[in-house]
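For reference, the structure is listed below as C-alpha cells.
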Amino acid sequence: MQKLLITGASGFLGWYLCQIAQAEWEVYGTYHRHSVKPGVPLAASPIHWMPIDLTDLDALKALFATVRPNAVIHAAAMSRPNDCQDDPVRSYQVNVVASCNIADLCEAAKIPCVFTSSELVFDGTNAPYREGDPVSPINLYGEQKVAAELGMLDRCSQMLVCRMPLMFGNVPHADSFLQPFIQRLQSGERLKVFVDEFRTPVSGEDAARGILQLMDKVRGRIHLGGKERMSRYKFGQHLVAALHLPETMLQPCRQADVPMSAPRAADVSLDSSLAFSLGYSPALVKDALVQLLGGS
Ligand SMILES: NC(=O)c1ccc[n+]([C@@H]2O[C@H](COP(=O)([O-])OP(=O)(O)OC[C@H]3O[C@@H](n4cnc5c(N)ncnc54)[C@H](OP(=O)(O)O)[C@@H]3O)[C@@H](O)[C@H]2O)c1
C-alpha cells in the first residue's frame, strides 16, 4: 500500500479522512495536543500516529524523512476564526508558514499535496462563489487561508486546494459546532440560530470522501460545498427534526446580535458544480443529519 500522510488527524476532518483513507492507503496521521485515543497504545491503532508541532521545521523535515509519504493531505490548522483574530502571530505560523513548508517538502519529494482551505476566503457579498472568483477575506483566518493557498500553489506543482464549507459530524474526541448545539437542545435550552447567515454545509464524512476521491483527478483549486444553500436557521430546522424536537426550540437571531472577535461573512455559499461533475456527491443535509443522529 502507498503511504498517505494526513496532518491534523486528531481534528474533526482529519479523523474522517483517516477512517476512510485506511481502505486504500497506509495512513500516517499527525496530532499535536490531542492524542486521539488517550490510554490506548498508539501502536495498537491501524493508523500510524505521529506527534508533531508543525511550526517546528526541523521536526517537519524529520517527519517527511521518517514516513516518506507518497501523498500528503494537510488538514491541520488553527481552524477557529476567533482564535486567529486573538493570536495573529501564532495563527500565521500555523496556518501560513507551516503550510508553505509542507508544500516545499512535497515539491522536493515530487508528491501530490492537498490543502484544506475555506469558504472564508470570500467576504460573503457575492455568493455563490466559484473557484475563479476573486478572494476577499474579511477576517485574519480568511486572510491566512488566502496566503497559504497562494504560497502552496506557488511552491508545489502537484497541489490541490480544496475550499471546504461549514462541516458537521460526530467525532468522539474533536469539536464540531454540532455537539454543543445538540447538548443544549437536549437539556431543554432554546438554540439561537442566525437567519441572515448562509452556508453550503456538508457532513465531515462526505467532505473527506470528496477530498480522497478528487485528489488524483484535479489540480489547482476546487470547491467542496454541499448541494444546498441554507441559513443557519434552516440548518437548525433540519437538526431539531432529526432529534424529534419542536421547532420552538429554535430562537431566530441575526449576526449583529452576537458580538465576536472575528467579523463573520453573511453568505459564503460555494458553487461546487465542478466537483459534482467529477463525481463528488454529498448527501442532502436533512438525510445526513438523520443518518448521523439516528440513535439520538
Ligand atoms: N470544520 C469546518 O467546518 C471547516 C470549514 C472550512 C474549512 N475548514 C478547514 O479544514 C481543516 C480541518 O478543520 P477541522 O475542523 O478538522 O479543524 P480542527 O478540528 O480544529 O483540527 C485542527 C487540527 O490541527 C492540528 N493542529 C493545530 N495546530 C497544530 C500545530 N501547531 N502542529 C500540529 N498540528 C496542529 C490539531 O491537532 P491537536 O488537536 O492534536 O492539537 C488538529 O488535529 C482546517 O484547515 C480548517 O481550516 C474547516
Side-chain angles (χ1 to χ4, degrees), residues 5-19 28-38 42 47 49-57 59-60 63 72-84 87 89-99 101-102 113-122 129 137 139-149 152 161-179 181 197 199-208 210-211 222-226 232 235 262 264-265 268-270 272 282 285:
L5 176 62
I6 299 176
T7 70
S10 52
F12 171 80
L13 179 62
W15 186 83
Y16 281 113
L17 284 165
C18 286
Q19 304 311 306
Y28 290 74
T30 73
Y31 64 94
H32 180 217
R33 295 207 173 96
H34 302 104
S35 159
V36 173
K37 289 183 182 169
L42 297 179
I47 293 163
W49 291 105
M50 315 294 287
I52 188 170
D53 178 349
L54 293 169
T55 63
D56 177 342
L57 182 55
L60 193 56
L63 176 75
V72 174
I73 300 178
H74 175 41
M78 276 181 69
S79 64
R80 294 185 186 162
N82 290 334
D83 292 348
C84 298
D87 193 345
V89 175
R90 174 74 183 162
S91 57
Y92 187 84
Q93 289 301 314
V94 177
N95 289 347
V96 183
V97 177
S99 300
N101 287 336
I102 287 170
C113 181
V114 177
F115 172 58
T116 51
S117 185
S118 167
E119 59 194 354
L120 294 179
V121 298
F122 299 114
Y129 292 98
N139 56 38
L140 269 186
Y141 169 78
E143 284 176 22
Q144 291 169 356
K145 286 297 191 189
V146 169
E149 282 188 5
M152 293 181 86
V161 170
C162 295
R163 293 205 181 118
M164 310 311 295
L166 178 69
M167 292 180 278
F168 58 91
N170 184 15
V171 174
H173 56 272
D175 290 341
S176 143
F177 73 96
L178 201 57
Q179 276 66 42
F181 277 21
E197 185 173 296
R199 300 289 185 260
T200 36
V202 78
S203 78
E205 183 175 343
D206 282 345
I211 291 170
I222 196 149
H223 289 179
L224 294 180
R232 294 261 186 178
F235 184 91
R264 293 180 74 98
V268 283
S269 303
L270 297 176
S272 304
V285 167

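First listed ligand is number 1; within each ligand, the first listed atom is number 1.
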For residues Leu120 and Phe122, determine if any side-chain heavy atom of one lies less than 4.5 Å from a side-chain heavy atom of the other.
no
Does Thr30 come within less than 4.0 angstrom of ligand 1, counting non-hydrogen atoms of the residue?
no
Atom indices of ligand 1 within 4.0 angstrom of Ser79 heavy atoms, with elements
17 (O), 18 (P), 20 (O), 46 (C), 47 (O)
So, regarding Met164 and ligand 1 (criterion: nitrogen or oxygen to nitrogen or oxygen, under 3.5 Å), is there a contact or not?
no
Tell me whether Arg232 forms a cation-pi arrangement with Phe177, defined as NZ or CZ under 6.0 Å from the six-membered ring centre and within 45 degrees of its axis.
yes
List the atom of Leu270, the atom of Thr200, and the distance in Å for their closest heavy-atom pair.
N-OG1, 3.0 Å
With side chains defined as the heavy atoms from C-beta onward, is the minimum distance between Ile52 and Tyr31 less than 4.5 Å?
no
Counting heavy atoms only, name the option from Leu13, Leu54, Thr116, Ile6 that's nearest to atom 32 (N) of ligand 1.
Leu54
Going by the order shown, which atoms of ligand 1 are within less than 4.0 Å of some heavy atom of Tyr31?
40 (O)
I'd like to check which ligand 1 atoms, numbered from 1 as shown, lie under 4.0 Å from a non-hydrogen atom of Asp53.
30 (C), 31 (N), 32 (N)
Specify the protein heavy atom at minimum distance from atom 19 (O) of ligand 1: its residue, its atom name, and the distance to 0.1 Å.
Phe12 N, 2.9 Å
Which protein non-hydrogen atom lies closest to atom 7 (C) of ligand 1, naming both residue and atom, and how far is it?
Ser117 O, 3.3 Å
Could you tell me whether Arg90 approaches ligand 1 through its side chain, its backbone, both or neither, with non-hydrogen atoms closer than 4.0 Å?
side chain
Atom indices of ligand 1 within 4.0 angstrom of Ile52 heavy atoms, with elements
32 (N), 33 (C)
among protein heavy atoms, the one nearest atom 30 (C) of ligand 1 is His32 ND1, 3.6 Å
Look at ligand 1 and say whether Ser176 reaches it with a heavy atom at a distance under 4.0 Å.
no
Nearest heavy-atom approach of Val114 to Cys162 is CG1-SG, 3.8 Å
For Leu166, the ligand 1 atoms whose distance to one of its heavy atoms is below 4.0 Å
3 (O)
Check Pro165 against Val202 and note the closest heavy-atom contact, atom names and distance.
CG-CG1, 3.5 Å
Return the closest protein heavy atom for atom 1 (N) of ligand 1 as residue, atom name and distance.
Met167 CE, 3.8 Å
Is the shortest distance from a Lys or Arg side-chain nitrogen in Arg163 or Glu119 to a carboxylate oxygen in the other one below 4.0 Å?
no
Looking at Phe181, I want to see if its CZ is surrounded by more than 12 non-hydrogen atoms of other residues, nucleotides or ligands under 6.0 Å.
yes
Least distance between heavy atoms, Ala262 atom then Asn139 atom:
CB-CB, 4.0 Å
For atom 23 (C) of ligand 1, closest protein heavy-atom neighbour:
Gly8 CA, 3.8 Å
So that I can tick it off, tell me whether Glu197 and Arg199 are bridged by a salt bridge, with the cut-off set at under 4.0 angstrom between side-chain N and carboxylate O.
yes
Heavy atoms only, cut-off 4.0 Å: how does Met78 contact ligand 1, side chain, backbone, both, or neither?
neither
Nearest protein heavy-atom contact for atom 39 (O) of ligand 1: which residue, which atom, what distance?
His34 ND1, 2.7 Å
Could you name the option among Ala59, Ala76, Ala77 that has the heavy atom nearest to atom 27 (C) of ligand 1?
Ala77
Here the gap from Phe168 atom CZ to Phe235 atom CZ, rounded to the nearest 0.5 Å, amounts to 5.0 Å
Point-to-point distance, once rounded to the nearest 0.5 Å, from OG of Ser99 to NZ of Lys145
6.5 Å
Could you tell me, atom by atom, which parts of ligand 1 come under 4.0 Å of a heavy atom of Arg33?
38 (P), 40 (O), 41 (O)
Thr55 side chain to Ala98 main-chain N or O, any donor-acceptor pair under 3.5 Å?
no
Could you tell me whether Tyr141 approaches ligand 1 through its side chain, its backbone, both or neither, with non-hydrogen atoms closer than 4.0 Å?
side chain
Considering only heavy atoms of Lys145, which atoms of ligand 1 have at least one such atom less than 4.0 Å away?
44 (C), 45 (O), 46 (C), 47 (O)
Less than 4.5 Å apart, side chain to side chain, heavy atoms only: is that true for Leu17 and Ile211?
yes
Give me the residue, atom name and distance of the protein heavy atom closest to atom 21 (O) of ligand 1.
Gly11 CA, 3.3 Å
Is it the case that ligand 1 has an N or O less than 3.5 angstrom from some N or O of Val94?
no
Would you call Ile73 and Leu5 a side-chain contact if the rule is heavy atoms closer than 4.5 Å?
no
Among Gly225, Ala75, Ser10, Pro51, which residue places a heavy atom closest to atom 37 (O) of ligand 1?
Ser10
Would you call Gln93 a ligand 1 contact, heavy-atom distance under 4.0 Å?
no
From Pro165, Ser118, Ala207 - option closest to atom 5 (C) of ligand 1 by heavy atom
Pro165
